[in-house]
Amino acid sequence: MAVVRVYALTLAYNGKNYCGWQVQKNGVSVQKTVQNAIEKVFGESIDLCGCSRTDSGVHANGYVCHFKTEKFIDPQRLPLALNTELPRDICVKQADLMDEEFHARYSAKGKEYVYLVWNSRIRNPFMEGLAWQYPFEINVEEANLLAKKFVGKKDFCSFMSAGSKITDTVREVFDFKVERDGETVKFTVSADGFLYNMVRIMVGTVLKALNGNLCVDNVIDAKSRSAAGPTAPPEGLYLNRVFY
């Protein structure tokens, strides 16, 4: 009986030129691009499964996907082989052989996202498409106090994109912090799971609350998207890590 091997790949990608992770009819996806590279290296049709969807323009530092095959290629050599077939804006950072039961999405215990803000009235051409330019001064100490209000197991219905069909909107946020490095402000949030656009709405809500235009506690209690702040644009969002 042939041995079925499960390979997990950890990817980094710049999502600027892609319609997101998921294969779509009217755009170039990260999933299809990576799958094509795997099929060239292994010489067979591959079904590639990702840990989650990412929207058009969203990036990743540590996206995890997996595929099954009966063929063997040394995991230490596989990243170089795949990167030869991939465009410069996608990179396989690591390859691992996993147990047969491993699934990139269903085995995940949580994820960590980073959202980058270029906090200046003067644009930075080197951050174009890689961070949200936000011209109003962000008080990081106050932002951290607001961010801590999200930590814990709560109903995050207010932070889900309108029209989403998900009914179970309770998630546990493990940590949410805000850091500054010069004019770059980094929001880092980890949780057992995320609703559609949840991180981007959380960031937009914190920034709106800093201006005194809403109360985070009231937004959480409202359980309504209309109570929260705006959805931050996609270019600042990075899937940073997946926990297994």
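These numbers come from the heavy atoms of this one structure, side chains and all, not from hydrogens, waters or symmetry mates. Everything numeric in this text was worked out from a predicted model, so none of it was measured.
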Considering non-hydrogen atoms only, spot the tightest contact between A209 and V216 and give its length. CB-CG2, 4.0 Å
Neighbour count above 12 (heavy atom, 6.0 Å) for K148 NZ: yes
Can a donor-acceptor pair be found, under 3.5 Å and without considering hydrogens, that links the side chain of N14 to the backbone of K16? yes
Are W132 and F159 connected in a single hydrophobic cluster, I mean Ile/Leu/Val/Met/Phe/Trp/Tyr linked by side-chain heavy atoms less than 4.5 Å apart? yes
Between N83 and V92 (side chain of the first, backbone of the second, donor and acceptor by atom type, cut-off under 3.5 Å), is there such a pair? yes
CZ of F194 to CE of M202: how many Å apart, nearest 0.5 Å? 7.0 Å
State plainly whether the residues R180 and E137 are in salt-bridge range, i.e. N to O under 4.0 Å. yes
Do the side chains of D99 and R5 get close enough for a salt bridge, i.e. N-O under 4.0 angstrom? no
Should D96 and P75 count as side-chain neighbours, where that means a heavy-atom distance under 4.5 Å? no
Mind running side-chain contact (heavy atoms from CB on, under 4.5 Å) on V28 and N17 for me, showing each step along the way? CA-CA 8 Å; V28 179; N17 297 319; over 6 Å; no
side-chain contact (heavy atoms from CB on, under 4.5 Å) between Y113 and F176, worked out: CA-CA 10 Å; Y113 282 89; F176 190 13; over 6 Å; no
Using a 3.5 Å distance criterion without hydrogens, assess whether the side chain of Y18 forms a donor-acceptor pair with backbone atoms of Q31. no
Is there side-chain contact between D175 and T188, with heavy atoms separated by less than 4.5 Å? no
Cluster link Y115 to F150, ILVMFWY, side chain under 4.5 Å: yes
With a 6.0 Å cut-off on the ring centroids, do F243 and F174 count as close? no
Flag yes if more than 12 heavy atoms outside I166 fall under 6.0 Å of its CD1 atom; otherwise flag no. yes
Identify the heavy atoms of V140 and V178 that sit nearest to each other, and give their distance. CG1-O, 3.3 Å
Donor-acceptor contact below 3.5 Å, side chain T205 vs main chain A228: no
Could you name each residue pair satisfying salt bridge (Lys or Arg N to Asp or Glu O under 4.0 Å) that touches residues 20-34, not counting sequence neighbours? none
Please check if the side chain of T184 supplies one atom and the backbone of W118 the other of a donor-acceptor pair under 3.5 Å. no
Membership question, hydrophobic clusters at under 4.5 Å side-chain separation (ILVMFWY): are V30 and L239 in the same one? yes
Whether E112 side chain and V242 backbone form a donor-acceptor pair below 3.5 Å: no
Between I220 and S158, the two heavy atoms sitting closest are O-OG, 4.2 Å
Under 4.5 Å between any side-chain heavy atoms of C65 and L11, yes or no? yes
With distance as the sole test, does Y63 use its side chain to make a donor-acceptor pair with the main-chain N or O of C51 at under 3.5 Å? yes
Let me see the working for L130 and Y238 under side-chain contact (heavy atoms from CB on, under 4.5 Å), right down to the final yes or no. CA-CA 9 Å; L130 300 174; Y238 297 73; 3.4 Å; yes
Heavy-atom nearest pair, P230 first then K208, reads CD-CD, 4.1 Å
Any side-chain heavy-atom pair of T169 and F156 under 4.5 Å: no
Quick one, R200 and D55 - any side-chain contact, counting heavy atoms below 4.5 Å? yes
If you group Ile, Leu, Val, Met, Phe, Trp and Tyr by side-chain heavy-atom gaps below 4.5 Å, do F102 and L48 land in one group? yes
Separation between CE of M127 and CG of L116, rounded to the nearest 0.5 Å: 5.5 Å
Give a yes or no on this: more than 12 heavy atoms of other residues, nucleotides or ligands lie within 6.0 Å of atom CG of D181. no
With sequence neighbours left out, which residue pairs that include part of residues 216-237 fulfil the salt bridge (Lys or Arg N to Asp or Glu O under 4.0 Å) condition? K149-D217
Determine whether V41 and T84 satisfy the following criterion, side-chain contact (heavy atoms from CB on, under 4.5 Å), listing intermediate values before the conclusion. CA-CA 9 Å; V41 170; T84 301; over 6 Å; no
Mind checking whether V199 and V170 sit in one hydrophobic cluster, side chains of I, L, V, M, F, W, Y counted as touching below 4.5 Å? no
Examine distances only and state if a side-chain atom of N240 and a backbone atom of A60 form a donor-acceptor pair shorter than 3.5 Å. no
NZ of K111 to CZ of R241: how many Å apart, nearest 0.5 Å? 13.5 Å
Do any N or O atoms from the side chain of H103 and from the backbone of H66 form a donor-acceptor pair under 3.5 angstrom? no
Output yes when a side-chain donor or acceptor of K177 lies under 3.5 Å from a complementary backbone atom of F187, and no otherwise. no
Heavy-atom closest pair (C19 atom, G27 atom, distance to 0.1 Å) is SG-C, 3.7 Å
According to salt bridge (Lys or Arg N to Asp or Glu O under 4.0 Å), does anything in residues 61-75 pair up with another residue at least two apart or in another chain? List the pairs. none
For the side chain to side chain contact (heavy atoms under 4.5 Å, CB included) test, which of D47, V6, L9, V34 pairs with F67? L9
Measure the CZ-OG distance between R105 and S52 for me, rounded to the nearest 0.5 Å. 8.5 Å
What's the spacing between E142 CD and L145 CG if we round to 0.5 Å? 7.5 Å
Where is the tightest heavy-atom contact between E85 and A37, given as atom of each residue plus distance? CB-CB, 3.8 Å
Would Y13 and T33 count as having a side-chain donor-acceptor pair, cut-off 3.5 Å? no
Would you indicate whether the side-chain heavy atoms of F136 and L210 approach each other to under 4.5 Å? no
Report the distance from atom CD of E39 to atom CD1 of I46, rounding to the nearest 0.5 Å. 6.5 Å
